[in-house]
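Any value given below was found using the heavy atoms of this structure, including those in side chains, with hydrogens, waters and symmetry copies removed.
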Amino acid sequence: MELKVPPAGESISTVMISEWLVAEGDSVSADQILVVLETDKINVEVPSPVDGTLVKILKQPGEDAEIGDVIAELAAGAGSADGRSKEAPADKEASPTKDESAAKDHSAGKNAPVKEEPVVSPAARRVLEEKGIDAASVQGTGKGGRVMKEDAMAAAQSAPVVKPPVPSASTQTGEREEVVNMSPLRRKIAERLVSAQQTAAILTTFNEVDMSGVMELRNRYGKEFLDKHGVKLGFMSFFVKAAVEALKAYPEVNAEIRGNSIVYKNHYDIGVAVGGGKGLVVPVLREADRLSFAEVEIGIKELAKKAQEMKLALSDLEGGTFTISNGGIYGSMLSTPILNPPQSGILGLHNIVERPVAVNGKVEIRPIMYLALSYDHRIIDGRGAVSFLVSMKNAIEDPARLLLEI
């Protein structure tokens with residue numbers, strides 16, 4: 001029986017084999033996930049159609065495949081319940097003797113708990129072995145706690161860095177470089193960024209915002225908010241709500257160019273850029289104008305979790321009208337974000353730094369954040385862009401405006 005690449009969504013024709021979760025010769029059960037495929041948007045898990053054995057793998061990790069390509073061969077038959085190869089029952093000669101059992105009990109203790117070894121995918125095991133990391137110390141995010149390749153890579157990144165020895169004169173060039181195929185997601189990101197630069201007249205305008213009002217509000221009501229809603233009151237909900245009000249006031253920022261027409265959107269689906277398991281993705285918070293602060297925070301938390309676990313669906317990534325990217329969580333002071341086509345605007349948030357500012361003729365130390373709005377100058381003029389940022393600034397510095405929608 002052939003295992004083929006299934007349809008992965010509209011506009012997706014090519015996938016990359018990310019990792020095989022079973023090895024050749026392993027018994028598998030129906031609906032057990034055999035392989036993870038990576039596309040330019042999401043990861044796709046391919047299950048076994050039958051109970052049986054994985055006979056041969058035809059496409060290795062890192063290789064590309066088209067929709068419908070055969071990537072493995074299966075033999076139908078009784079597979080094990082957990083997908084591992086069944087072991088033959090031990091015969092009497094293989095069974096431990098009474099004396100052996102007693103010796104074992106004496107050395108280990110009859111009631112000593114047996115630590116269960118985690119299930120580790122082949123690709124993850126390779127990474128852990130290369131880095132010398134114990135699999136038992138890694139928290140698996142796969143089905144049933146399986147340790148995936150991404151878990152292993154995350155563990156490797158957080159492990160202590162060991163300085164490599166200085167190469168001798170005899171070191172070959174090949175040992176100093178590693179050539180890795182660009183993933184479909186990274187390829188798509190590169191393609192879209194270049195396209196945005198080439199097709200849109202991108203300009204960036206800046207402003208600064210005093211975060212004192214928002215920080216005071218969070219300090220005053222943060223605990224009650226968490227107790228009631230089960231989620232922390234973050235900064236992002238304030239910026240999402242402020243962006244919605246600014247977009248209503250300046251609809252061209254929420255519009256897009258389609259051919260020779262301008263399409264004005266009367267809905268506010270805000271893309272929130274988050275770091276996923278294999279790169280930056282922009283899941284969309286739907287109907288943000290209808291959400292409460294708590295619903296915004298819960299929605300962002302759920303999307304970020306799905307991104308980290310690479311469980312985002314295509315529907316999570318499509319249809320955004322405006323994007324917010326928070327480089328401040330990585331320590332960025334200032335940046336010029338690139339548009340997410342076909343959107344016409346993207347707001348960049350940055351780190352909060354205490355700075356001396358003039359307040360009523362006096363110098364005070366205030367928590368200041370720089371805001372950056374990159375926009376398509378073909379549809380948004382400078383006055384509209386600057387006014388949009390001023391609207392954002394006013395709402396954040398006086399959060400009561402958000403409650404009154406002014």
Legend entry - Validation row: F238, R218 side chains within 4.5 angstrom (heavy atoms): yes
Legend entry - Over 12 foreign heavy atoms within 6.0 Å of CD, E66: yes
Inset, instruction - Would you check, one step at a time, whether the test salt bridge (charged side-chain N to carboxylate O under 4.0 Å, His left out) holds for E245 with K241? - result: CA-CA 7 Å; E245 294 307 312; K241 301 294 283 185; over 6 Å; no
Inset, instruction - Evaluate whether atom CG of N266 has more than 12 neighbouring non-hydrogen atoms of other residues, nucleotides or ligands under 6.0 angstrom away. - result: no
Inset, instruction - Would you confirm whether S292, through its side chain, and E295, through its main-chain N or O, come within 3.5 Å as a donor-acceptor pair? - result: yes
Inset, instruction - Under the side chain to side chain donor-acceptor pair (under 3.5 Å) rule, what do T204 and S374 come out as? Steps first, then yes or no, please. - result: CA-CA 4 Å; T204 305; S374 290; 2.7 Å; yes
Legend entry - Salt bridge flag under 4.0 Å for residues K228 and E224: no
Inset, instruction - Any chance you could measure I380, atom CD1, to T205, atom OG1, to the nearest 0.5 Å? - result: 11.5 Å
Inset, instruction - Report yes if the side chains of R258 and P342 come closer than 4.5 Å at any heavy-atom pair, otherwise no. - result: no
Inset, instruction - Supply the atom-to-atom distance L312 CG to K306 NZ, rounded to the nearest 0.5 angstrom. - result: 6.0 Å
Inset, instruction - Side-chain contact test, heavy atoms from C-beta onward, threshold under 4.5 Å: evaluate it for V46 versus L37 and give yes or no. - result: yes
Inset, instruction - Kindly compute the distance separating CD1 (I346) from CG (L373), expressed to the nearest 0.5 Å. - result: 9.5 Å
Legend entry - Pairing residues for Y250 by the ring-ring contact (aromatic ring centres under 6.0 Å, His included) criterion, not counting sequence neighbours: none
Inset, instruction - List the steps, then state whether side chain to side chain contact (heavy atoms under 4.5 Å, CB included) holds for V284 with I270. - result: CA-CA 6 Å; V284 178; I270 308 300; over 6 Å; no
Legend entry - ring-ring contact (aromatic ring centres under 6.0 Å, His included) partners of F239, counting only residues at least two apart: none
Legend entry - Test item: Q343 side-chain N/O and T323 main-chain N/O as donor-acceptor pair under 3.5 Å: yes
Inset, instruction - Give a yes or no on whether the backbone of S137 and the side-chain of D134 come within a donor-acceptor separation of less than 3.5 Å. - result: no
Inset, instruction - State which residues pass ring-ring contact (aromatic ring centres under 6.0 Å, His included) with H377; sequence neighbours excluded, sorted by chain then number. - result: Y375
Inset, instruction - Find out whether V244 and K248 are in side-chain contact, i.e. whether some heavy atom of one side chain is under 4.5 Å from a heavy atom of the other. - result: yes
Inset, instruction - Ignoring hydrogens and angles, tell me if any N or O in the side chain of S48 forms a donor-acceptor pair with the backbone of V50 under 3.5 Å. - result: yes
Inset, instruction - Give every residue pair that meets the ring-ring contact (aromatic ring centres under 6.0 Å, His included) criterion with at least one member in residues 321-373, sequence neighbours excluded. - result: F322-F388
Legend entry - Under-4.0 Å salt bridge between D69 and K4: no
Legend entry - ring-ring contact (aromatic ring centres under 6.0 Å, His included) against F235, all qualifying residues, sequence neighbours excluded: none
Legend entry - Salt-bridge contact K265-E256 (side-chain N to carboxylate O under 4.0 Å): yes
Legend entry - NZ/NE/NH1/NH2 to OD/OE distance under 4.0 Å, E397 and K393: yes
Inset, instruction - Would you confirm whether D26, through its side chain, and A23, through its main-chain N or O, come within 3.5 Å as a donor-acceptor pair? - result: yes
Inset, instruction - With side chain to side chain contact (heavy atoms under 4.5 Å, CB included) as the test, would you mind laying out the steps for V296 and M236 before giving the verdict? - result: CA-CA 8 Å; V296 170; M236 189 59 76; 5.5 Å; no
Inset, instruction - Would you mind reporting whether I324 and L349 have side-chain heavy atoms less than 4.5 Å apart? - result: yes
Inset, instruction - Could you check if a side-chain atom of V240 sits within less than 4.5 angstrom of a side-chain atom of Y268, using non-hydrogen atoms only? - result: no
Legend entry - Any donor-acceptor pair under 3.5 Å from N340 side chain to A273 backbone: no
Inset, instruction - Kindly say whether D269 contributes a backbone atom to a donor-acceptor pair with the side chain of T321 at under 3.5 angstrom? - result: yes
Legend entry - Side-chain donor or acceptor of S391 paired with backbone N/O of S387 under 3.5 Å: no
Legend entry - E63 (side chain) donor-acceptor with Q60 (main chain) under 3.5 angstrom: yes
Legend entry - Pairs touching residues 369-378 that satisfy salt bridge (Lys or Arg N to Asp or Glu O under 4.0 Å), sequence neighbours left out: D376-R378
Inset, instruction - Using atom types as modelled and distance alone, determine if a side-chain donor or acceptor of K59 lies under 3.5 Å from a backbone N or O of D64. - result: yes
Inset, instruction - Kindly compute the distance separating CD (E45) from CD1 (I33), expressed to the nearest 0.5 Å. - result: 4.5 Å
Inset, instruction - Could you tell me whether R220 and E216 make a salt bridge, using a distance below 4.0 angstrom between a side-chain N and a carboxylate O? - result: yes
Legend entry - Spatial distance of atom CD (E297) from atom NE2 (H229) [nearest 0.5 Å]: 10.5 Å
Inset, instruction - Evaluate side chain to side chain contact (heavy atoms under 4.5 Å, CB included) for L128 paired with V138, printing each intermediate quantity in order. - result: CA-CA 9 Å; L128 296 177; V138 181; 3.9 Å; yes
Legend entry - Within 6.0 Å of CZ in F206, more than 12 heavy atoms from elsewhere: yes
Inset, instruction - Indicate yes or no: at least one non-hydrogen side-chain atom of V44 is less than 4.5 angstrom from one of V36. - result: no
Inset, instruction - Could you grab the distance from atom CG of L54 to atom CG of L3, nearest 0.5 Å is fine? - result: 8.0 Å
Inset, instruction - Flag the pair V353 / I368 as yes when at least one side-chain heavy-atom distance between them is below 4.5 Å, and no otherwise. - result: no
